[in-house]
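Naming convention: chains lettered A, B, ... in sequence-line order (proteins, then strands); numbering from 1 in each chain. A quick note: this is a predicted structure, and the numbers were derived from the prediction, not measured.
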Amino acid sequence: MLQLHILREQTENVCKALEKRNLEARPLVDKVLELDEKRRSFQTRLDNTLAESNTLSKEIGILFKNKQIEEANALKNKTSALKEKAKTLGESLNAAARELQEALYQIPNIPHELVPAGSNEEDNEEVFREGEIPDLGDAALPHWELAQQYDIIDFELGVKITGAGFPVYKGKGARLQRALIQYFLDKNTEAGYTEMQVPHLVNEASGFGTGQLPDKEGMMYHVGEDNLYLIPTAEVPVTNMLRDVILEQKELPVAYTGYTPCFRREAGSYGAHVRGLNRLHQFDKVEIVRVEHPDQSYAALDKMVAHIKTLLQELELPYRILRLCGGDLGFTSALTYDFEVYSTAQKRWLEISSVSNFEAFQANRLKLRYRDNNKKTQLAHTLNGSALALPRVLAGILENYQKATHIRIPEVLVPYTGFDKID
RNA sequence: AGAGAGGUGGCCGAGUGGUCGAAGGCGCACGCCUGGAAAGUGUGUAUACACCAAAAGUGUAUCGAGGGUUCGAAUCCCUUCCUCUCUGCCA
């Protein structure tokens with residue numbers, strides 16, 4: 001949610017910047033400003049009415065104490081009109097506030113100046129590429145065939161017990177996955193992130209806090225009986241820990257990491273792009289989340305990118321980094337870098353991490369603030385990223401490390417897996 | 001899951017219809033005192049919104065949340081969430 005004062009004071013700039021998202025924001029922004037004015041006018045009128053009524057009430061109290069019953073009753077009559085007025089104004093105020101919020105929710109975050117113009121993923125800007133793409137020739141198998149050949153992931157079994165998109169990891173496949181999780185958590189901890197184990201179900205308020213609700217309700221699994229949602233990412237519980245929090249400036253930055261399974265209904269997926277591990281309803285992910293002073297948030301973003309790079313370097317996977325263009329940029333993000341690992345057999349890049357600076361957009365909704373040097377509360381900046389999403393890293397490892405008779409395990413993982421090849 | 005008790009400011013805790021945004025204490029901040037510290041002492045110490053160019057200031061709302069009664073609610077009523085104790089169940 002954008003801050004109203006920014007919309008009010010920098011209307012032109014905001015609209016111009018939003019053009020990068022191919023969004024004609026003018027009508028929306030105008031509507032917000034109009035509703036804001038309306039809301040404020042109702043607020044002022046209601047406050048004045050209530051003030052008047054409060055004064056009268058106090059007078060009535062004093063009159064009763066002095067046994068001036070008649071005078072008191074006379075004043076009572078006066079207050080009933082005020083009461084009526086306050087009620088109407090209150091309703092108008094609430095209606096305006098609600099409308100304002102709804103309109104405000106429809107405006108995405110302002111893209112950072114580095115965000116390239118563009119309409120879809122084709123226009124994303126590759127900013128970095130590293131790692132050798134192995135030459136596997138025509139013998140290269142996609143990971144789902146490797147998974148079957150070495151009996152390490154069973155998609156059919158998942159279908160049997162749950163449904164499509166819920167694979168069963170077996171034997172060394174399970175162990176490799178667990179090794180990756182632990183490796184990522186260790187590396188993140190080493191980099192200064194505090195490990196958190198969080199609930200995998202969240203309440204409605206948390207869904208609203210990070211913006212999955214009300215718009216993206218369809219992406220989450222809902223437990224109706226208890227009105228809880230299965231988390232689509234650790235970002236939801238981890239970030240919501242900081243909902244309605246005022247931090248002291250010296251407590252910044254906050255850096256958390258957490259491993260959770262992620263549950264996504266992912267309606268409307270199809271074809272080869274969802275085969276194997278490419279897209280799942282349940283998958284594992286290690287997430288990193290930061291809360292930063294606004295002056296520091298972009299330096300922090302760079303640090304996060306650098307950190308994720310080291311993970312991929314150590315795993316010796318070929319990857320590239322994209323700066324998302326305006327058309328592909330997430331609603332809440334100001335600047336996002338996607339990491340993609342190369343799937344040698346599928347001959348395409350798979351997204352394994354998305355690192356974003358939300359600036360104050362998310363904090364505004366969460367009411368996550370810090371107290372600055374003048375003791376004023378200010379919105380903090382929030383950032384998060386995957387470090388990393390497991391299935392596609394697994395797919396990358398299986399495909400890129402495949403040999404004629406086995407799959408090699410990246411060296412850094414061997415201490416975690418306890419074996420150096422899958423055969 | 002059943003029975004009971006309770007949710008008040010950063011924390012503890014008073015407050016059962018009228019200047020209560022809320023006593024008192026702790027903590028914290030600044031000052032005095034001190035050679036320095038402790039003790040002592042003085043002052044200050046919530047959040048949001050509105051008005052104001054801004055500061056100062058003023059107003060409004062907030063005592064878990066939502067509704068109601070009343071001229072007036074932390075206080076009474078209803079709904080709901082949560083916590084604690086006991087009983088039950090359970091990894």
Query raised in the report: Taking atom C1' of A29(B) as reference, at what distance in whole Å does atom CG of Asp372(A) sit?
Result: 16 Å
Report task. Could you measure between the two C1' atoms, the one in U79(B) and the one in C89(B), and give it in whole Å? Result -> 29 Å
Requested in this report: Name the nucleic acid region contacted by Thr79(A), choosing base, sugar-phosphate or nothing; use a 4.0 angstrom heavy-atom cut-off, strictly under.
Outcome: sugar-phosphate
Query - Per Lys376(A) side chain, nearest of listed nucleotides C51(B), A55(B), C71(B) - result: A55(B)
Report summary line: In Watson-Crick or G-U wobble terms, with both distances under 3.5 Å, the base opposite G24(B) is C12(B)
**Report entry** Pairing partner (Watson-Crick or G-U wobble, both distances under 3.5 angstrom) of U19(B)
**Finding:** none
Query raised in the report: In terms of side-chain heavy atoms, does Asn278(A) have a donor or acceptor partner in Arg275(A) at a distance below 3.5 Å?
Result: no
Query raised in the report: Say you pick atom P in A65(B) and the same atom in A73(B); how far apart are they, in whole Å?
Result: 16 Å
Requested in this report: Could you check which of C71(B), A50(B), U47(B) has an atom nearest any side-chain atom of Arg39(A)?
Outcome: A50(B)
Requested in this report: Provide the distance between the two C1' atoms, one in U70(B) and one in U75(B), to the nearest whole Å.
Outcome: 13 Å
Report task. In whole angstrom, give the distance that lies between atom CG of Asp244(A) and atom P of U62(B). Result -> 17 Å
Requested in this report: Look at the rings of Tyr229(A) and His222(A) and say which category their plane angle falls in: under 30° parallel, 30 to 60° tilted, over 60° perpendicular.
Outcome: parallel
Query raised in the report: Any chance the side chains of Asp295(A) and His381(A) put a donor and an acceptor closer than 3.5 Å?
Result: no
Query raised in the report: Partner of U83(B) by Watson-Crick or G-U wobble geometry, both contacts under 3.5 Å, or none?
Result: A5(B)
Query - Of the listed nucleotides U47(B), A50(B), G18(B), the one nearest the side chain of Arg369(A) - result: U47(B)
Query raised in the report: Starting at the 5' end of RNA chain B and moving along, which residue's nearest nucleotide shows up first, Gln43(A) or Ile62(A)?
Result: Ile62(A)
Query raised in the report: Should C76(B) form a Watson-Crick or G-U wobble pair with both distances under 3.5 Å, which nucleotide is its partner?
Result: G68(B)
Query raised in the report: If we take the P atom in both A38(B) and U34(B), what is their distance in whole Å?
Result: 14 Å
Requested in this report: Find the partner of G88(B): check Watson-Crick (N1-N3 plus N6-O4 or O6-N4) and G-U wobble (N1-O2, O6-N3) distances, both under 3.5 Å, and reply none if neither fits.
Outcome: none
Query raised in the report: Can you tell me if Asp186(A) and Tyr416(A) form a side-chain donor-acceptor pair at under 3.5 Å?
Result: yes
Requested in this report: Could you tell me the separation between the CG atom of Leu82(A) and the P atom of U70(B), rounded to a whole number of Å?
Outcome: 16 Å
**Report entry** Rounded distance (Å) that lies between atom P of A61(B) and atom CG of Leu89(A)
**Finding:** 13 Å
Query raised in the report: Looking at Tyr105(A), is Arg365(A) sitting on its ring face, NZ or CZ under 6.0 Å from the six-membered ring centre and within 45 degrees of the normal?
Result: yes
Query raised in the report: Does the side chain of Thr233(A) pick up a donor-acceptor pair with the side chain of Lys285(A) at under 3.5 Å?
Result: yes
Report summary line: Looking only at C71(B), A48(B), C51(B), the nucleotide nearest the Thr377(A) side chain is A48(B)
Query raised in the report: If we call it a pair only when both distances are under 3.5 Å in a Watson-Crick or G-U wobble match, what pairs with U62(B)?
Result: A46(B)
Query raised in the report: Can you check the Lys78(A) NZ to G72(B) C1' distance for me, whole Å?
Result: 16 Å
**Report entry** Integer-rounded Å distance: A50(B) C1' and Arg45(A) CZ
**Finding:** 14 Å
**Report entry** Whole-angstrom distance between G64(B) and C11(B), as gauged at atom P
**Finding:** 13 Å
Report task. Could you tell me the separation between the CD atom of Glu9(A) and the P atom of A53(B), rounded to a whole number of Å? Result -> 14 Å
Query raised in the report: Using a cut-off of 4.0 Å on non-hydrogen atoms, how would the nucleic acid contact of Leu50(A) be classed: base, sugar-phosphate, or nothing?
Result: sugar-phosphate
Report task. For A23(B) and C63(B), measure between their C1' atoms and round to the nearest Å. Result -> 14 Å
Query - C12(B) to C28(B) separation - C1' atoms, rounded to the nearest Å - result: 15 Å
Query raised in the report: Closer than 4.0 Å, any side-chain N/O of Ser53(A) to the OP1 or OP2 of C71(B)?
Result: no
Query - For C32(B), the Watson-Crick or wobble counterpart (both distances under 3.5 Å) - result: G40(B)
Query raised in the report: Taking for each residue the nucleotide of RNA chain B with the nearest heavy atom, is it Asn54(A) or Ile246(A) whose nucleotide lies nearer the 5' end?
Result: Ile246(A)
**Report entry** Atom of Pro237(A), atom of Val198(A) and distance for their closest heavy-atom approach
**Finding:** CG-CG2, 3.6 Å
Query raised in the report: In whole Å, what is the span from the NZ atom of Lys375(A) to the P atom of A29(B)?
Result: 8 Å
Report task. Take atom P in U62(B) and the same atom in A55(B), then report the distance between them in whole Å. Result -> 25 Å
